[in-house]
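Starting from 1, each residue takes its place in the sequence as its number. Worth knowing before you read on, the calculation uses all heavy atoms, side chains too, and leaves out hydrogens, waters and symmetry mates.
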Amino acid sequence: MSALIESLDENQRKVALALVGPVRVLAGAGSGKTRAITHRIAYGVEAGVYSAEKVLALSFTVKAAGEMRSRLSELGVEGVACRTFHSAAMRQLAHFWPDLIGGDLPKVLHSKAATLKRAAAQLNIRATDELLRGIAAEIEWRKVRLLSMDHYQSVLPERPLPGGLSADATLALVQRYEDLKDDQRNLDFEDTLIATLGMLNSEKWVADRVHEQFRFFVIDEYQDVSPVQRALLDAWRGSHSEVCVVGDPNQTVFGFAGASDEHLLRFESEFPGATTVELDRNYRSTPEIVRLANSIVPNSPLELVSMRESGPVPSVIVSATDEDEARAVGTTIRAAIEAGTDPADIAVLYRINVQSLVFEQVLGEMRIPFRVRGGRFFDEPVVTQALVLVRGRLQTDPAASARDTMALILRENLGWLSKPPANPVDRHAWNIMSALAQIAENLPVTATVIDLAADLKHRVDNEIEPAVSAVTLSTTHNAKGLEWDTVFVIGMSDGLFPLSYSMGDGPLQEERRLAYVAFTRAGRSLTLSWAERQKASGPLRTRSRFIPEHLG
């Protein structure tokens with residue numbers, strides 16, 4: 001038996017051996033799905049079933065695509081196209097556009113805000129930030145569902161519209177945005193998928209070229225596929241049925257983005273003769289945490305079984321106010337750090353972004369290092385400055401030592417000190433700079449500035465962030481796919497988690513799944529926390545229905 005297969009557990013091995021035909025992998029949280037699918041690809045190449053260049057492995061984030069690429073490289077496989085849906089579409093658009101349309105591919109907007117602001121001004125609509133965000137979400141909602149403007153107009157009266165706009169005003173603003181964007185020869189993020197889909201469906205020679213290029217398909221996080229992504233997958237594969245989809249119906253939490261677990265659950269009916277493999281062994285969380293997670297999603301098609309030793313029972317913290325809650329959680333975090341837990345192994349998760357504010361204030365006062373997840377590491381001000389300075393040294397002294405150069409940049413240009421400062425704001429920047437220093441330290445002693453610049457570019461392109469020794473503050477949505485040893489899920493009161501506007505059957509089920517995601521981020525220690533009031537004079541809250549009574 002190949003060493004690639006021997007290293008897998010029984011269920012993962014079934015995935016790796018299912019090399020041909022349609023395959024569905026129901027993969028629970030912490031079950032080693034990335035390991036299973038990368039070994040499957042590597043084994044397929046080793047066995048001569050696949051040619052690496054004919055495999056298209058799709059994921060939803062640049063980071064996940066980079067992780068697959070890195071793991072395949074470690075397994076000795078190069079040449080597999082590991083991409084997001086958007087990057088795969090952009091490559092094809094850029095390749096075929098000159099022949100189909102002529103000239104360069106239109107510019108892809110990084111944000112809709114500027115164009116929407118102009119559209120609103122032309123229509124005499126006051127463009128608040130809240131309105132711009134709401135209309136941008138409406139545009140995305142329409143496009144990922146492949147709705148024409150006429151169809152969108154027909155459903156507008158049933159939708160909760162942003163900024164108190166009428167259906168007519170919303171439609172006019174959306175249409176004006178599209179007109180301005182087209183006049184400027186721009187595309188937005190969703191247009192890249194729609195344009196690629198249109199190109200493949202209307203130009204047979206383009207579709208034939210793509211079908212010749214890619215023969216085998218692997219799609220991770222299939223429960224997150226939107227209608228436009230599913231249509232694009234069908235256009236990419238043509239008549240080929242060598243499709244392996246991997247997903248967890250319990251982690252379908254992006255309904256607002258068009259995601260639906262129906263694609264995953266209906267796979268066997270859409271692909272007759274498909275093989276289904278379940279990965280239900282959880283290697284991340286203790287049995288106590290897994291039992292709690294399973295209880296949140298009753299009647300699930302996939303129930304996790306923990307492979308770890310027992311640990312502490314999940315606990316509950318009840319506080320009088322939000323500030324009291326932050327201080328109680330902060331005190332527990334500080335005790336854990338003083339007992340030897342690395343701050344990087346601790347996370348505080350919440351339902352909506354605004355909940356982080358009181359924690360940022362309190363943890364800062366308590367001098368607990370923290371980092372708010374949402375912004376990218378490489379967008380941090382000190383990181384962008386360091387990258388510019390490294391590129392400068394690449395021009396002036398490319399053969400200099402990578403380690404010495406990074407240390408010099410951090411100390412002389414950015415003010416990095418050998419010891420962490422007491423001020424929490426300065427401490428955050430210090431943690432970020434320390435992570436940059438560690439990147440250089442991890443390179444070979446003989447590494448030069450050329451090697452350092454190449455490593456940093458690879459990290460930026462693939463969103464490979466270094467570990468930062470700080471507590472993570474994150475929404476549960478942003479935490480999906482990540483894990484920590486110790487997790488606090490805060491704001492666990494009805495109205496906050498689940499949200500008050502998510503009480504209908506469908507939305508409430510998604511809130512349940514989001515709680516499941518939050519709980520399964522924890523490895524050994526899980527604490528659920530809530531406050532009886534926002535402030536001392538505020539209205540009384542009730543404990544979240546997602547906290548089982550037996551937890552006290």
Which pairs pass side-chain hydrogen bond (donor to acceptor under 3.5 Å, both in side chains) with one or both residues in residues 128-137, sequence neighbours excluded?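 For residues 128-137, and leaving out neighbouring residues, there are no side-chain hydrogen bond (donor to acceptor under 3.5 Å, both in side chains) pairs at all.
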
Is the shortest side-chain N to carboxylate O distance from [X] to [Y] below 4.0 Å?
{"X": "D182", "Y": "R185", "result": "no"}
{"X": "R69", "Y": "E78", "result": "no"}
{"X": "R513", "Y": "E510", "result": "yes"}
{"X": "K112", "Y": "E190", "result": "yes"}
{"X": "D188", "Y": "K143", "result": "yes"}
{"X": "R142", "Y": "E178", "result": "yes"}
{"X": "R281", "Y": "E10", "result": "yes"}
{"X": "K63", "Y": "E465", "result": "no"}
{"X": "D494", "Y": "R543", "result": "no"}
{"X": "D9", "Y": "R13", "result": "no"}
{"X": "R371", "Y": "E360", "result": "no"}

Residues two or more places apart in sequence or in another chain: which of them pass side-chain contact (heavy atoms from CB on, under 4.5 Å) with [X]?
{"X": "A479", "value": "L349, S474, W484, R521"}
{"X": "K480", "value": "E221, Q223, D224, Q251, V253, F254, V517"}
{"X": "E303", "value": "N294"}
{"X": "A167", "value": "L156, L161"}

Going by the rule ring-ring contact (aromatic ring centres under 6.0 Å, His included), which residues pair with [X] if we only count those two or more places apart in sequence or in a different chain?
{"X": "F60", "result": "F85"}
{"X": "F216", "result": "Y50"}
{"X": "Y177", "result": "none"}
{"X": "F217", "result": "none"}

Once you round to the nearest 0.5 Å, how far does [atom1] of [X] lie from [atom2] of [Y]?
{"X": "S241", "Y": "F271", "atom1": "OG", "atom2": "CZ", "result": "7.5 Å"}
{"X": "C82", "Y": "L72", "atom1": "SG", "atom2": "CG", "result": "5.0 Å"}
{"X": "I41", "Y": "I37", "atom1": "CD1", "atom2": "CD1", "result": "6.0 Å"}

Results of side-chain hydrogen bond (donor to acceptor under 3.5 Å, both in side chains) for [X] - residues two or more places apart only:
{"X": "T527", "answer": "S315"}
{"X": "S226", "answer": "Q229"}
{"X": "R91", "answer": "none"}

Quick check: do L302 and V297 have side-chain heavy atoms less than 4.5 Å from each other?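 SC-SC contact between L302 and V297 ruled out.
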
Please check if the number of heavy atoms outside K54 that lie under 6.0 Å from its NZ is greater than 12.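 More than 12 heavy atoms, drawn from other residues, nucleotides or ligands, come within 6.0 Å of this atom.
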
Write down the atom of L232, the atom of A89, and the distance for their closest heavy-atom approach.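 In terms of heavy atoms, the two residues are closest at CD2-CB, 4.3 Å.
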
Locate the shortest heavy-atom distance separating I352 from T475; write the atom from each residue and the value.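 Closest pair (atom of I352, atom of T475, distance): C-CG2, 4.2 Å.
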
Check the orientation of H477 and F256. Use parallel for under 30°, tilted for 30 to 60°, and perpendicular for over 60°.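 Judged by the thresholds at 30° and 60°, the geometry between H477 and F256 is perpendicular.
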
S300-N250 side chain donor-acceptor pair, cut-off 3.5 Å: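 The answer is yes; a qualifying pair exists.
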
S70 and S73 side chains, donor-acceptor separation under 3.5 Å: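 Short answer, no.
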
